[in-house]
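Labels below follow one simple rule: chain letters A, B, ... track the order of the sequence lines, proteins then strands, and each chain is numbered from 1.
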2 protein chains.
Amino acid sequence: MSTENTASEFMHIHEEAIEKVREITPPDETLYDLAELFKVFGDSTRIKILYSLFSSELCVYDISQLLGVSQTAVSHQLKILKTNKLVKSRKDGKHVFYSLADDHVYSIINQGIEHINE
Amino acid sequence: MSTENTASEFMHIHEEAIEKVREITPPDETLYDLAELFKVFGDSTRIKILYSLFSSELCVYDISQLLGVSQTAVSHQLKILKTNKLVKSRKDGKHVFYSLADDHVYSIINQGIEHINE
DNA sequence: TTATCATATGAACAGATATTCATATGAAAG
DNA sequence: CTTTCATATGAATATCTGTTCATATGATAA
C-alpha cells in the first residue's frame with residue numbers, strides 16, 4: 001500500500017468508501033446548519049407550539065393557555081422558531097398572530113412521527 | 001358568553017380553533033418522543049456520522065478517522081443513535097460495523113436540507 | 001498466556017439551553 | 001395622559017448534553 005492516498009491508510013474497508021462519503025457529504029457549514037435546524041424541533045414545548053399552529057394562526061396568549069406554558073416561555077420559544085424561519089408573525093393591534101412559515105414544518109414532523117410509529 | 005365551555009374563555013379567536021388543535025395534536029407522550037428523536041439529529045457530530053453511513057457500513061475507528069473525532073466520542077454518539085434506532089450494528093471479530101437502521105434517516109435529513117436551501 | 005487492537009463505559013467538566021422573574025415596549029381604552 | 005392589556009426582552013438559575021480522560025471488556029495474534 002503506497003503513501004499516495006493518505007486518506008485510505010487508516011481505513012479498514014475499501015478506499016472507495018471514503019470517496020463516496022466525501023462525494024455525498026455536504027460542506028461542514030451545511031451540516032452545522034442542519035443540526036441547528038433539528039435542534040429547534042428537539043424541544044417538546046416548541047413541538048407543541050408548532051402543532052398548535054397546524055390548523056390555524058394563534059396569538060401568543062392563546063398558545064400559552066392552550067399549552068399551559070407561561071407567556072414568557074412561549075414568547076422566548078416563538079422567537080427561536082421565527083429566527084429559524086419555522087413560523088411567521090402578523091401584528092394586529094395589541095395581538096401578534098403566529099402561523100407556520102412553510103410546508104417543511106409539516107413534512108419534517110410527519111417523517112418523525114412515521115419513524116416513531118414502528 | 002356562557003361558562004359551559006371553559007376551554008374557549010381565554011381564546012381570542014374562534015373556539016373551533018381549540019377543537020381542531022386538540023383533534024390533530026397527538027398525546028403528550030408522543031410529542032415528547034418526537035422531540036427526543038429530533039434532538040438526536042440536532043448535533044453536528046451525529047449528523048456527520050449519519051452522512052458517513054449513507055453509502056456503506058463503517059466501523060467505529062473508520063468513522064472516527066473520517067470525521068476527525070475521537071474514538072470515545074464517536075462511540076458515545078453511536079450508542080445514542082442506536083438507542084434511538086437510527087443505526088444498527090454488526091459484530092465482526094474485533095470490529096463493530098455500523099449502518100443506517102432504515103430509510104427514515106434519509107427522508108428526515110433530506111427534508112431538513114430542503115428547508116435550509118431556501 | 002500475554003500483549004495488542006477495537007470498542008465500550010463511567011465519571012467529571014465545560015458549555016449550552018429552557019424556564020422564571022422582573023421589567024420594558026407598545027397599543028388600545030378610559 | 002394614565003391605565004390596562006399583549007407581547008418582548010434580559011439576567012439569573014438549574015438542568016441537560018457532548019467531550020475528554022481513565023479504564024474496562026472482548027477478541028485476535030504472538
Side-chain angles (χ1 to χ4, degrees), chain A residues 9-13 28 31-50 52-53 57-84 86-99, chain B residues 9-13 28 31-50 52-53 57-84 86-99:
Chain A
E9 289 179 28
F10 61 81
M11 294 293 285
H12 298 151
I13 336 289
D28 261 46
L31 298 180
Y32 186 77
D33 291 345
L34 193 57
E36 281 304 300
L37 176 68
F38 286 124
K39 212 173 281 180
V40 178
F41 286 92
D43 175 80
S44 56
T45 299
R46 286 191 291 266
I47 288 280
K48 286 179 190 174
I49 291 177
L50 291 175
S52 75
L53 299 176
E57 65 173 14
L58 292 174
C59 69
V60 180
Y61 183 75
D62 291 337
I63 298 172
S64 159
Q65 294 296 308
L66 206 52
L67 307 190
V69 177
S70 76
Q71 175 268 316
T72 314
V74 170
S75 215
H76 277 298
Q77 298 308 335
L78 280 170
K79 188 176 189 180
I80 294 174
L81 290 169
K82 195 177 178 183
T83 301
N84 287 272
L86 300 182
V87 305
K88 61 192 178 201
S89 65
R90 172 179 75 79
K91 225 175 183 177
D92 181 20
K94 285 186 287 186
H95 294 78
V96 179
F97 288 90
Y98 284 85
S99 56
Chain B
E9 289 180 30
F10 60 82
M11 294 294 286
H12 297 150
I13 336 290
D28 261 47
L31 298 179
Y32 186 79
D33 291 346
L34 193 56
E36 282 302 302
L37 175 67
F38 286 123
K39 212 173 280 180
V40 179
F41 285 93
D43 175 80
S44 56
T45 299
R46 286 192 291 265
I47 287 281
K48 286 180 190 174
I49 291 177
L50 292 175
S52 74
L53 299 176
E57 63 172 16
L58 291 173
C59 69
V60 180
Y61 183 74
D62 290 337
I63 298 172
S64 159
Q65 295 295 308
L66 205 53
L67 306 189
V69 177
S70 76
Q71 176 268 316
T72 312
V74 170
S75 216
H76 277 298
Q77 298 307 337
L78 281 170
K79 188 178 188 178
I80 294 174
L81 290 169
K82 196 178 177 184
T83 301
N84 287 273
L86 299 181
V87 304
K88 60 191 177 199
S89 65
R90 173 179 74 82
K91 224 176 183 177
D92 181 21
K94 285 186 288 187
H95 293 79
V96 178
F97 289 91
Y98 283 87
S99 57

Task: Contact state string [nucleotides 23-30 of chain C, B base, S sugar-phosphate only, - no protein heavy atom under 4.0 Å] - done: ----BS--
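- Side chains of Lys48(A) and Ile63(A) form no contact here, defined as non-hydrogen atoms less than 4.5 Å apart.
- Judged purely by atom type and a 3.5 angstrom limit, Ser64(B) uses its side chain to pair as donor or acceptor with the backbone of Val69(B).
- At distances below 3.5 Å, not a single donor-acceptor pair connects side-chain atoms of Ser75(A) with backbone N or O atoms of Thr72(A).
- Atom NZ in Lys79(A) sits roughly 22 Å away from atom P in dA6(D) (whole-Å rounding).
- Whole-Å rounding puts the Ile47(A) CD1 to dA18(C) P distance at 12 Å.
- Using a 4.5 Å heavy-atom cutoff, the side chains of Ile47(B) and Phe38(A) are in contact.
- Atom CZ in Phe97(B) sits about 11 Å away from atom C1' in dA6(C), given to the nearest Å.
- A side chain to side chain contact (heavy atoms under 4.5 Å, CB included) with Gln77(B) holds for exactly one of Val40(B), Val87(B), Leu67(B), Ile49(B); it is Ile49(B).
- Asp43(A) places a side-chain N or O within donor-acceptor distance of the main-chain N or O of Thr45(A), the cut-off being under 3.5 Å.
- The side chain of Ile80(B) lies closest to dG18(D), out of dG18(D), dT19(D), dT17(D).
- Atoms CD (Gln65(B)) and P (dA6(C)) sit 10 Å apart, rounded to a whole Å.
- Picking from dT19(D), dA6(C), dA18(C) the nucleotide with the shortest atom distance to the side chain of Arg46(A) gives dA18(C).
- When rounded to the nearest whole Å, the span between NZ of Lys39(A) and C1' of dT17(D) equals 10 Å.
- Using a 4.0 Å cut-off, no side-chain N or O of Thr45(A) falls inside it from OP1 or OP2 of dA18(C).
- In this structure, Lys39(B) and Arg46(B) approach most closely via the heavy-atom pair O-NH2, 3.2 Å.
- The distance from atom CG of Leu81(A) to atom P of dT17(C) is 14 Å, rounded to the nearest whole Å.
- In this model, no side-chain donor or acceptor of His76(A) finds a partner on the base of dT17(C) within 3.5 Å.
- Within the structure, every side-chain polar atom (N or O) of Gln77(B) is placed at least 4.0 Å from both OP1 and OP2 of dT17(D).
- Of the side-chain N and O atoms in Ser70(B), none sit less than 4.0 angstrom from OP1 or OP2 of dT19(D).
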